[in-house]
Amino acid sequence: MSGRFVTFEGIDGAGKSTHVDWYVERLKARGIDAIRSREPGGTPLAERLRELLLTQPMSMDTELMLMFAARRDHLERLIRPALAAGKWVVCDRFTDSTWAYQGGGRRGPAERIAWLEAWVHGDLQPDRTYLFDLPAGMAAQRRAAARDADRFEREDEAFFERVREAYRGRAGQAPERFRLIDGRLPIEDIRKILEEDIASIGN
Ligand SMILES: Nc1ncnc2c1ncn2[C@@H]1O[C@H](COP(=O)(O)OP(=O)(O)O)[C@@H](O)[C@H]1O
Ligand SMILES: [Mg+2]
């Protein structure tokens with residue numbers, strides 16, 4: 001018995017969080033035992049690391065290692081036990097975010113990210129990843145209207161365009177796992193796309 005691992009990805013303001021709770025409810029309506037989580041975070045320890053990551057100045061290397069430390073705890077205590085119990089785990093961000101932000105945005109070393117990924121969860125990848133894609137300027141406008149910026153969200157538009165490109169590169173490398181969602185579409189249209197995709201996951 002094994003569940004499914006679904007992740008939501010995209011730049012800040014792309015619309016991930018807008019859809020995650022709704023998506024979990026749609027799974028439950030189909031009789032699927034599903035839980036929602038997020039990264040960095042998802043466990044008490046990882047949520048404390050999240051607070052540090054979103055507020056404290058730190059080097060790129062420290063940021064990279066704290067992200068994977070939080071992820072390891074999340075995997076050990078929440079993701080793996082839930083999947084082993086047959087549940088679906090729907091997660092707002094996962095390792096594609098590290099490739100996009102620490103790799104693309106901050107131009108971090110790909111070989112170290114790959115090594116950390118292999119160490120922390122080399123045997124486990126998401127069954128489905130929704131990439132919410134839209135221009136960085138549009139995402140920035142949405143964020144500005146909705147909330148105060150955290151440490152990542154204070155980066156400039158060029159940073160977020162690099163993040164976006166890194167995400168698109170990841171999606172191109174794993175087309176069977178990714179579904180590219182046009183984040184400019186109305187919320188109702190996006191929900192229709194997500195709903196129609198559920199049946200195809202893991203088959
Ligand atoms: N498809 C959409 N069309 C218009 N506004 C949207 C859409 N999706 C999200 N929003 C709005 O954009 C803002 C950022 O969305 P959010 O889900 O928080 O993005 P993320 O979690 O990817 O950072 C919110 O105010 C949200 O209501
Ligand atoms: Mg969000």
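Just follow the structure's listing: the first ligand is 1, and inside any ligand the first atom is 1.
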Q: Compare all side-chain heavy atoms of E63 with those of M60 and state whether any distance is below 4.5 angstrom.
A: no
Q | Atoms in ligand 1 with a heavy atom of A146 nearer than 4.0 Å | A | 25 (O)
**Q.** atom 22 (O) of ligand 1 - nearest protein heavy atom and its distance
**A.** K16 NZ, 2.6 Å
(Q) Counting only heavy atoms, tell me which of G183, A14, S17, G13 gets closest to atom 23 (O) of ligand 1. (A) G13
Q) Any side-chain heavy-atom pair from V24 and I35 closer than 4.5 angstrom? A) no
Q) Atoms of ligand 1 less than 4.0 Å from I190 heavy atoms? A) 1 (N)
Q: For D12, counting its heavy atoms only, list the atoms of ligand 1 lying under 4.0 Å from any of them.
A: 23 (O)
Q) Parallel, tilted or perpendicular: which fits the ring planes of F8 and Y130, with parallel below 30° and perpendicular above 60°? A) perpendicular
Q | Heteroatom N/O/S of T18 within less than 2.8 Å of the Mg ion (ligand 2) | A | no
Q. Can you tell me if R147 has a non-hydrogen atom under 4.0 Å from ligand 1?
A. yes
**Q.** H19 and W22 aromatic ring geometry - parallel, tilted or perpendicular at 30°/60° bounds
**A.** perpendicular
Q) Heavy atoms, side chains only, cut-off 4.5 Å: are T7 and R93 in contact? A) no
Q) Got H74 and R80 here, is their nearest side-chain heavy-atom distance under 4.5 Å? A) no
Q.
Give me the residue, atom name and distance of the protein heavy atom closest to atom 1 (N) of ligand 1.
A. L185 O, 2.8 Å
Q: Please report which non-hydrogen protein atom sits nearest to atom 19 (O) of ligand 1, along with the residue it belongs to and the distance in Å to one decimal place.
A: G15 N, 3.1 Å
Q.
Only heavy atoms of I11, strictly under 4.0 Å: list the atoms of ligand 1 that pass.
A. 22 (O)
Q) Which option, R142, R38, R93, owns the non-hydrogen atom nearest atom 11 (C) of ligand 1? A) R142
Q. Could R71 and F94 be counted as a cation-pi pair, given that NZ or CZ must be under 6.0 Å from the ring centre and within 45° of the axis?
A. yes
Q: Look at atom 26 (C) of ligand 1 and say which protein heavy atom is nearest, naming residue and atom and giving the distance to 0.1 Å.
A: T18 OG1, 3.6 Å
Q: Before giving the answer on side chain to side chain donor-acceptor pair (under 3.5 Å), spell out for E9 and S97 the whole-Å C-alpha distance, their side-chain angles and the decisive distance to 0.1 Å.
A: CA-CA 7 Å; E9 294 284 358; S97 284; 2.5 Å; yes
Q | Non-hydrogen atom of D189 closer than 4.0 Å to ligand 1 | A | no
Q. Can you find a heavy atom in the side chain of E153 that is under 4.5 Å from one in the side chain of R147?
A. yes
